[in-house]
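Hydrogens, waters and symmetry mates are skipped; everything else that's a heavy atom, side chains included, is used.
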Amino acid sequence: MLILTNTASQEIAPGQILIFDLTRLHTGKCECYRNGSGSVGLRAQNAIYEINFSANIGAPVAGVAELSIVANGSPLTETTMMSTTATAGDLNNVSTTTAIRTCCCSSEFVTVMNTGTTTVTVDNPSLFIKLTA
C-alpha cells in the first residue's frame, strides 16, 4: 500500500504530471516510488491494484481544470476529473477511483496528469494505491 501527497500547492501545465514530495505510508514491496517523482511503478505481475486520487484543483484563470490518472502514458478516460471555476484561484474538490490489472511480463507505471488545455493548480492531493489481488 502506498499513500502520497504534497507539502505545497503545484501548478501543472497541460501534458505535465503531478509530482509528489511526501510519502504518508508505504507498506510492502509491490509499489515502487521515489520522493520527488510523479510516477509509481506497480511491480506485482498478474495483479489488480485499487487506485484512489483526490485533490482540490482549480485554474489560475477562470475556466476548466482537468486531471486524469494515466497508466503507461495513456490517460484512463474513466478517471478524468474536471473542475469549473468562475474566479481565478478558486479550488474545488475532485476525486476518482479505478482498478488496474498488471500483465505477466512488465510493470505498469501510474501518474496523475493534466489532460486539459489550461494550467491546473493542485492543492492537498492524495494518491492511494493498494494491491488487492
Could you tell me whether a side-chain N or O of [X] sits under 3.5 Å from a main-chain N or O of [Y], the two making a donor and an acceptor?
X	Y	value
Asn114	Thr118	yes
Ser83	Ala65	no
Thr121	Ile57	no
Thr111	Met113	no
Thr98	Thr79	no

Any donor-acceptor N or O pair under 3.5 Å, side chains [X], [Y]:
X	Y	answer
Thr132	Glu50	no
Asn35	Asp21	no
Thr115	Ser68	yes
Ser9	Asp123	yes

Do [X] and [Y] have side-chain heavy atoms sitting under 4.5 Å apart?
X	Y	result
Met82	Thr84	no
Glu31	Tyr33	no
Asn52	Thr96	no
Phe53	Ile69	yes
Leu67	Val122	yes
Ile19	Gln10	yes
Ile17	Val70	no
Ile100	Val110	yes

Nearest non-hydrogen partners of [X] and [Y], listed with the distance:
X	Y	result
Ala13	Thr119	CA-OG1, 4.1 Å
Lys29	Arg43	O-NH2, 2.7 Å
Gly116	Pro14	O-CB, 3.4 Å
Phe109	Ser39	CD2-OG, 3.6 Å
Ala86	Ala62	O-CB, 3.2 Å
Ile12	Gln16	CG2-O, 3.3 Å

With rounding to the nearest 0.5 angstrom, report the [atom1] to [atom2] distance, [X] to [Y].
X	Y	atom1	atom2	result
Glu108	Thr102	CD	OG1	6.5 Å
Cys30	Met1	SG	CE	11.5 Å
Leu42	Ile51	CG	CD1	5.5 Å
Ile3	Leu25	CD1	CG	5.0 Å
Gln45	Cys103	CD	SG	7.0 Å
Ser126	Leu4	OG	CG	8.0 Å

**OP:** Carefully, step by step, assess Asn6 and Leu18 under the rule side chain to side chain contact (heavy atoms under 4.5 Å, CB included).
**Re:** CA-CA 9 Å; Asn6 279 325; Leu18 180 63; 3.7 Å; yes
**OP:** Flag yes if Val94 and Phe128 sit in one hydrophobic cluster, no otherwise; membership is Ile, Leu, Val, Met, Phe, Trp, Tyr, and two members link when side-chain heavy atoms are under 4.5 Å apart.
**Re:**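 No.
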Original post:
side-chain contact (heavy atoms from CB on, under 4.5 Å) with Thr85: which of Val64, Leu91, Asp90?
Top reply: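 Result for side-chain contact (heavy atoms from CB on, under 4.5 Å) with Thr85: Asp90.
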